[in-house]
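Read through the structure below, which is laid out as structure tokens, and then see the notes.
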Amino acid sequence: MLQIRCPWCGPRDEPEFRYGGEAHLRFPGNEADPAAWARFLYYRDNPAGAYRERWVHTAGCRQWFHVIRDTTSHRILGSYRLDEPPERAR
Amino acid sequence: MRRLRPGTATDPAKPLSFRWNGTAFDALAGDTLASGLLANGVRVVGSSVSFGRPRGVMSAGLEEAHAFAQIGEGGASEPLMRATTVDLHHGLVARGLSTKGTLVQGDDPARFEKRHGHCDVLVVGGGPAGLAAAWAASAGGARVILVETTARWGGALGRDLELIDGAPALAWVDRITRDLAARPEVTALRRTTAAVSLDQNGVVLVERLPETTPPDRIRPIRRLWQVRARAVVVATGALERGVVFQDNDRPGVMLASAVRSYWHLHGIAPATVVLFTTNDDGYRTAFDLVEAGVLVRVLDARESIGPVGEQARARGIEVLSNAVVAGTRADQAGLLAAARFQAGRRQGEWPCEVLAVAGGYQPLLDLPAQRPDQSHRIVGAAAGQWSLAECLLDGLDAGVAAAEAVGFGSPGPTRPVVGPDWDRSPGTTLWQVPAPDGDETRSFVDLHRDVTVAGLDRALGAGVRSVEHLKRYTLAGTGIEQGKSAKAAAGAIASDRLGSEKPLGVSTGRPPTEPIAFALLAGRARGDLFEPVRTTPAHPAHVAAGAVFENVGQWKRPRYFPRPGETMAEAVAREARAVRTGVAIMDASTLGKIEVQGADAAEFLDRLYLNRLSSLKVGRARYAAMCRLDGTVFDDGVVMRLAPDRFFVTTSTGHAASVFEWMEEWRQTEWPDLEVWTTSTTEQWATYAVAGPQARTVVQSVAPTCDLSREGFPFLGVRPATIAGIAGLLARVSFSGELAFEVMVQSRHGLAVWNALLEAGTPLGMARYGLEALSLLRAEKGYLIVGQDTDADTSPIDAGLGWMISDKDFLGRRSLEMATHRRSDRKQLVGFLPSDPAIVLPEGAQFVADPTQPKPMTMIGHVTTSHPSPTLGRSFGLALVRGGRDRIGHIVHAPLEDRTVAVEIVDPVFYDKAGARRDG
Amino acid sequence: MARLRFEPVRDLGALTAVRPAGRGQGPEASGARARALGGLVAALGALPGENRVASVSGREVLWLGPDEFLIASSLENGSDLEQVLRATGAGAVIDLSSNWVGFDLAGDGARAVLASGCSIDFHPRSFGVGSIAQTSMARVPITIWQRSPEPSYRILVRPSLASYLAAWVADAAGSLEAGSLE
Amino acid sequence: MPEHAFHNPDFLWRNPDPKPSYDVIVVGGGLHGLATGYYLAKNHGIANVAVVERAWLGSGNAVRNTTIIRSNYLRDESAALYEHSLKLWETLAEALDYDLLFDQRGVLQLHHSQADVRSGTRLVHALRLNGIDAEWLDTESVKEFCPLINTSQDIRYPVVGAFLQRRGGIARHDAVVFALARAANRLGVDLIQDCQVTGFEKAGDRVTGIVTSKGRIGAGRIGLVGAGRTPLLAAMAGFPVPIQSSPLQALVSEIVDQVLNCVVMSSGVHVYLSQAHKGELVMGAGRDGYTSYAQRGSFHIIEQQVADALQLFPLFGRIHLLRTWAGIVDVAPDASPIIGPTPVENLFLNCGWGTGGFKATPGSGWVFADTLANGRPHPLVVPFGLDRFERGDLLDEHGAAAVAH
Ligand SMILES: Cc1cc2nc3c(=O)[nH]c(=O)nc-3n(C[C@H](O)[C@H](O)[C@H](O)COP(=O)(O)OP(=O)(O)OC[C@H]3O[C@@H](n4cnc5c(N)ncnc54)[C@H](O)[C@@H]3O)c2cc1C
Ligand SMILES: NC(=O)c1ccc[n+]([C@@H]2O[C@H](COP(=O)([O-])OP(=O)(O)OC[C@H]3O[C@@H](n4cnc5c(N)ncnc54)[C@H](O)[C@@H]3O)[C@@H](O)[C@H]2O)c1
Ligand SMILES: Cc1cc2nc3c(=O)[nH]c(=O)nc-3n(C[C@H](O)[C@H](O)[C@H](O)COP(=O)(O)O)c2cc1C
Ligand SMILES: [Zn+2]
């Protein structure tokens, strides 16, 4: 079971959160061409190593935020708010 | 073996008795089942799984691979407990097992609980290293949890006679544990095993609480802790290894450290012992037992026995060097009778009751192995420190470092003086003594799974080169103790036999480090506490009215309200008729409700819903639906505008949480600039639908001041109103097609308002209606239920909601523009009428165009809703059908198990197509 | 001395959620936000910091998140509070008085009972008087804050889940009394 | 041989060094990769084949799955594929001359709500018309078929019905690995272990070989059958796949007397379990939500699934959790497999079996061998191509069974 630091509420156990997959995706807008649209809908980065991902603190403050986590070890390198750059991860 | 005196762990003042295989035995408080059996001379505990060979106790701890017992009786009976880790209590009932357990039907009164714990430093293992670590870590005030799996502190110090600061080591243990007990921020738990290592320094502990036979119904017998620590120190020590030789599984063959443990802790000793050792540490057993008057002889595998061996000789112990046990001889019962040895060219046989084997030590790392990349501090014997002095210093240093790392100072602990240190030379590594006659089918590597050296050979011969295949081919290491002692031996012996330069290593270790009863994993979450039951404010009234409930997610919702003697079909027909011809009321409080506020609320909803909601006027409601990004139907509901910047949105019961989360996700991540906020108000409101031609009369009588006239309060109007004296909201929405009012009041008044409405309706014969009648009524109007009449492929266009789509942008629009959504053979929601109006098709029935085709048939659709309709006087339903709208007026077929039913595809609106009835 | 008290809050009063205006970035938004927060401070007397509760003039203002406060006040000042808050230019104001029910949990055993179903650390070093958390207890969402050092806690839970939570706590309290939970 | 030990053959496989090149290289020595190698040799006479495996054969999901075999899938396309596979299972032991302990003890899928029942009956009707065995059982019949299940109506989520596929069951997963490997080896296929693929060699848009920890190996055609690690392999080959790799956990108890006579799955109460041949209970639940390559999951999932299981089987209260583990499953957005050509010529893909590919082992190997041998998708897998995502023609199986194992 992971323990994740919510940038607002502090460290909490994983069941308080919901996973949101790859972070920093850009909504391509409804004008996207079919390939770009399929990309956005169905394709996510899946690195073995540090991964920037989104979580939401559903059982707490309900805020979305970002986490950098190593997918090979589950080690969490930090979390940061939506309006912060990844370098601010703590 | 016999008890010659009380040991340091047993209390002669507290005798107890227990039953083993039906016979009563006496023992002392502090005994384990294993020591209790040994003290009573029980040598055979069970039999081996494959070969049925007799097996006895071989260890004194968690590595036990022989002595398995079924503990307790009836429903409280627990299979496959290791006799070495069961603490005896008075009245305990146990019987011996091979490696298969038994499940016993019956009530289990025992209770199991869970608990969360938090600390700065968690120390696993209460031996010298762990005690020192906990002591040092807590000195500066850090919160420390220290756990020890056995019933006593001190670890190896219970079996090894050592001096610390000039006094017996156990005095040091007492002093340290007293210090720890006096520190308020220290939690020291015995009988507690660290079982699972979680990410981010979480550890699951299993605590054994005092038990009685039979268990009482109040006091839990076990507790599962989930601990979050800021630092973890692992001081789990080392396990003594055995040596594999022919017939090494006889009852009487034991680990040397275990023999010593039973003597010191429980006062139990055999009459004669042969010690087979590869190292100096084994001699401790010889020396201690000789003092107890036991006849001890030593076989030392090393060429040169060194000073300790000389010391043994000086004390009159017979010692052979360069000597190995080549096999054992058994008596007629299969019990150990003698050790056969080979010493250089000399062969011989020494009779003995116990053959104590000292094969060196193996760090016990089953906890950290579960998460190899955790930053646990491993100390003491677990880290390969063999001398007590090093173990103590290692523990102290780790404790200080751990406390400092989490921000606590330490007063610089005084370093205990150990001595005189046990003189030792490194042992020799010896995993196996080849069978003299070459027959390795009785040389056991995994005693529990009956895996022999011959078995390993077979696997290697088959081409197996990986230790993981070796495990799966032979099953070595897959038993209850998960190969704590066998895994390393299997890997090492196999490497040896392959002559491979790269050692095979050991197979993967996994959680837990000790078996955990399922009941403990569930904890309190059983029976009524398994999962919440959510009920609405009017629930007590539904219960009183005899409602039959249906689980909808966690909610209980009335399915129908049978009168005495009524079947479900009769009740549903009556309820539906009441809506169509009179008036009826239903509890819709479980609908999801979300309030959307802010200057940009309208824009926000426009982006989410298919329809344009910014054009909705204050005081008006609109039926609306939303898509997922892939263009399939997500949810539908009613959107009401309470003020220019305030909307009240309903969702289906099942999607209340997901729609709310969906809104929040887009609001926060994509549209952070919109001035809009969402709040879930599902439980703020109780919602009741009063439906039927007489609805106005009923509602008017509880809301006398409100203009409910057709003109004054038109369809899809919303307004604040005082209902039964309570301020609330009224809306004219209808899911049944009849005149209907939705009454919303704060849920704290829900029950009172429900009762008031019922009372008001009684003179008109108002009925209650449930989900079944609702499903029927709305289907007659062709209104769909998302998830029932749609599935993961259904787009709003397929569902007949295409009319909602406005020319603005909304989530999912891009997908709907894709070619696949314009195909004419998509499954579309249509109505159907069975050719025989008495036949009600089962929901889920499939349609085919040609019922005579062979299987697999080409299916063109399926029934999503099907009912007999008292209003239509016939059966009817809704279906998703390929190219369904083009098939209206055509006949298709539903091949059922026993017959095939022809049905006509029709428009999905069956009742009041003109919509004349909704205004009453 | 009672080791544990657990009772429903008879009169929870009015609960009002407020969301300060001024979302998004840029000077305009932050100006709006500053004005909204200023208005709220003026109306309420104070606003709590993150993860804190502010108790002023008989009201408790609970921090629920970066843009959300919940104000618990006695019923009488509750109803006009909504109007007052709306007048401050707050982004959203909403009455949630029926959305939650309350329990008070107090006494020596309170922490042990909480630990039976809640993964938050209630040790005084990390959670004290005035601390608040939204979390879950026995897998039920709760809002909990500490109101006195005794310790005593107030717990908000959705009405539909209240009886389950109460049954859980009663069960845990039973174990506590039997001496197993200490 | 006693029931808790298994009969394994005296010879399994050679451990050859790789040749400089092969007609076909199958990347991934799991069940599907081994089956592909076997059928390439057996059905297509292509024996100059290597199956390359980064660790040991079966080290991925092959040895980690709960071994449920069934073919009761909702979609016609899926039903056809899985039924093809189930039919192969019925003769596989004989074909491979190896006792796979394939045991058609029946798979019972319990329903606990009216919504469950609706999707369940839909499935039963569809299966019947697809010619696949399926029976609907009411609560009484559930009790009769599997008396151990708590069918009391007083529990939180009472059993309201079930559907049963009698031809479904379990097999011994390790034996299937051994058997396919032995059979492929016998037909001349090289099984190369400890051989991690780290890159691909290309000539233009065409793949010509693989780069591995044991050096470069040339190939005519290459099939990627890397299950949970497919995204990494695809990235090496230069194209993305719509796959999420996440942990799926399972657990076993210690060995107890045989008490459970069928496979039980429950979607409402999230658990599926069976009793394996040795006597251990084998149990699984839903996957962990997050992306991972760590082959382990979160413990609260285990705690929850055990609590769920005890609702249905109170008798299991005192059984012990012996071991838990996780596999990394590859799940596509529609939870259906992806099989067929890739943007790279001569490079073919077989992945996305996610939480349910054990049952597909022979079928998957069969169609993929055919695809590799002929350089075009086997007719059964045409709808399962990578191109379906751009078209939006997804094959969503979630609708049918909330748990897809
Ligand atoms: C806990 C669990 C329970 C399950 N239960 C069931 C069930 O009950 N029924 C069912 O039908 N299915 C079930 N499944 C799913 C099933 O196990 C998988 O779908 C199936 O095993 C996948 O096929 P495979 O065996 O070929 O995959 P794998 O065995 O994972 O094979 C992939 C192989 O590729 C190798 N590989 C990856 N990358 C490289 C590289 N770069 N170079 C070389 N080799 C590489 C891997 O090492 C691995 O051996 C379950 C899965 C799990 C994890
Ligand atoms: N002479 C030798 O060759 C030799 C070899 C090994 C150890 N020793 C001696 O053993 C001692 C080692 O001290 P130590 O403290 O490192 O080890 P220890 O063996 O004394 O203590 C380890 C403790 O951890 C407990 N434990 C193990 N796994 C656990 C778990 N999962 N959860 C809870 N408790 C668990 C054990 O029951 C044990 O009490 C020293 O006295 C050392 O001299 C000597
Ligand atoms: C059907 C099945 C039965 C199993 N039975 C046992 C068992 O009796 N004892 C055991 O230790 N492990 C058992 N396992 C688990 C394996 O030991 C192992 O955990 C699994 O193959 C995953 O590999 P890993 O844990 O080495 O990563 C079983 C696994 C499966 C799939
Ligand atoms: Zn938070």
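- Side-chain N or O atoms of D450(B) include one that pairs as donor or acceptor with a backbone N or O of S50(B) at under 3.5 Å.
- Between the side chain of H448(B) and the backbone N or O of I480(B), at least one donor-acceptor pair lies under 3.5 Å.
- Contact of E390(D) with chain B is made through the backbone alone, with heavy-atom distances under 4.5 Å.
- In this structure, chain D has no heavy atom under 4.5 Å from any part of P851(B).
- Proximity to chain D is absent for every atom of A819(B), based on heavy atoms less than 4.5 angstrom apart.
- For chain D, the nearby part of S77(B) is the backbone; its heavy atoms alone come within less than 4.5 Å.
- With a 4.5 Å cut-off on non-hydrogen atoms, E550(B) touches chain D through its side chain but not through its backbone.
- For the 3.5 Å distance criterion, the side chains of T324(D) and Q249(D) fail to qualify, holding no donor opposite an acceptor.
- Between S119(D) and R122(D), the side chains place no donor N or O within less than 3.5 Å of an acceptor N or O (distance only, hydrogens not considered).
- Neither the backbone nor the side chain of A134(D) comes within less than 4.5 Å of any heavy atom of chain B.
- With a 4.5 Å cut-off on non-hydrogen atoms, H862(B) touches chain D through its side chain but not through its backbone.
- With hydrogens and angles disregarded, a donor-acceptor distance shorter than 3.5 Å links the side chain of R318(D) to the backbone of A76(B).
- Within the 4.5 angstrom heavy-atom criterion, atoms from both the backbone and the side chain of Q554(B) approach chain D.
- When heavy atoms are compared at a cutoff of 4.5 Å, E83(D) does not approach chain B at all.
- Both the backbone and the side chain of R323(D) have a heavy atom closer than 4.5 Å to some heavy atom of chain B.
- For R388(D), no part lies near chain B; criterion is any non-hydrogen pair under 4.5 Å.
- Contacts between A126(D) and chain B at a heavy-atom distance below 4.5 Å involve backbone atoms as well as side-chain atoms.
- For Y73(D) and Y82(D), the ring centers are positioned less than 6.0 Å apart.
- No other option in P512(B), S466(B), G75(B) has as many heavy-atom pairs under 4.5 Å with chain D as P512(B).
- For the options L57(D), D10(D), V160(D), L251(D), heavy-atom pairs under 4.5 Å to chain B are most numerous at D10(D).
- With a threshold of 4.5 angstrom between heavy atoms, R371(B) approaches chain D through its backbone and through its side chain.
- With a 4.5 Å cut-off on non-hydrogen atoms, I132(D) does not touch chain B at all.
- Residue D76(D) touches chain B through its side chain alone, counting heavy-atom pairs closer than 4.5 Å.
- The most heavy-atom pairs under 4.5 Å with chain B, out of R128(D), E254(D), Q304(D), H300(D), come from R128(D).
- Under the 3.5 Å distance criterion, the side-chain polar atoms of T474(B) are matched with a main-chain donor or acceptor of L470(B).
- Interface remark: D154(D) contributes no atoms to any contact with chain B (heavy atom separation under 4.5 Å).
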- Query: K827(B) and D791(B): salt bridge (Lys or Arg N to Asp or Glu O under 4.0 Å), yes or no, with the steps?
  - Reply: CA-CA 10 Å; K827(B) 276 181 137 186; D791(B) 64 19; 5.2 Å; no
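- Interatomic distance, CD of E53(D) versus SG of C195(D), reported as 9.0 Å (0.5 Å rounding).
- Residue contact with chain D, scored on non-hydrogen atoms closer than 4.5 Å, involves the backbone and the side chain of E843(B) alike.
- Within the 4.5 angstrom heavy-atom criterion, atoms from both the backbone and the side chain of E303(D) approach chain B.
- Side-chain atoms of S197(B) do not come within 3.5 Å of backbone N or O of Q370(B) as any donor-acceptor pair.
- Proximity to chain D (any heavy atom under 4.5 Å) is shown, for T513(B), by neither the backbone nor the side chain.
- There is no contact between A195(B) and chain D, counting heavy-atom distances below 4.5 Å.
- By number of non-hydrogen pairs under 4.5 angstrom with chain D, the leading residue of M818(B), Q482(B), H821(B) is Q482(B).
- Side chains of K556(B) and N551(B): a donor-acceptor N/O pair is present below 3.5 angstrom, by distance only.
- Per-residue counts of heavy-atom pairs under 4.5 Å with chain B were compared for V259(D), V124(D), D308(D); the largest is that of D308(D).
- Only the side chain of D174(D) comes within contact range of chain B, judged by heavy atoms closer than 4.5 Å.
- Contact tally against chain B (heavy-atom pairs below 4.5 Å) for V63(D), V306(D), L129(D): the top residue is L129(D).
- When heavy atoms are compared at a cutoff of 4.5 Å, N15(D) approaches chain B solely by way of its side chain, counted from C-beta outward.
- Your options are D630(B), V451(B), D199(B), L198(B), and the one with the most heavy-atom pairs under 4.5 Å with chain D is D199(B).
- With a threshold of 4.5 angstrom between heavy atoms, V104(B) approaches chain D through N, CA, C or O but not through any side-chain atom.
- Between D793(B) and R75(D) there is a salt bridge, with a side-chain nitrogen of the basic residue lying less than 4.0 Å from a carboxylate oxygen of the acidic one.
- For chain B, the option among L315(D), T121(D), N185(D) with the highest count of heavy-atom pairs below 4.5 Å is L315(D).
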- Task: Check the pair M283(D), F313(D) against side-chain contact (heavy atoms from CB on, under 4.5 Å), reporting the backbone distance first and the verdict last.
- Result: CA-CA 12 Å; M283(D) 197 189 289; F313(D) 298 97; over 6 Å; no
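- Within the 4.5 angstrom heavy-atom criterion, atoms from both the backbone and the side chain of Y157(D) approach chain B.
- Contacts of R510(B) with chain D are made by both backbone and side-chain atoms, with heavy-atom separations under 4.5 Å.
- By number of non-hydrogen pairs under 4.5 angstrom with chain B, the leading residue of W13(D), W325(D), F316(D) is W13(D).
- Here the side chain of E78(B) pairs no donor or acceptor atom with the backbone of H320(D) at under 3.5 angstrom.
- Interface remark: V848(B) contributes side-chain atoms only to the contact with chain D (heavy atom separation under 4.5 Å).
- Of the two parts of Q853(B), neither the backbone nor the side chain holds a non-hydrogen atom closer than 4.5 Å to a non-hydrogen atom of chain D.
- Enclosure of atom CG in D528(B) is not indicated, since only 12 or fewer non-hydrogen atoms of other residues, nucleotides or ligands lie within 6.0 angstrom.
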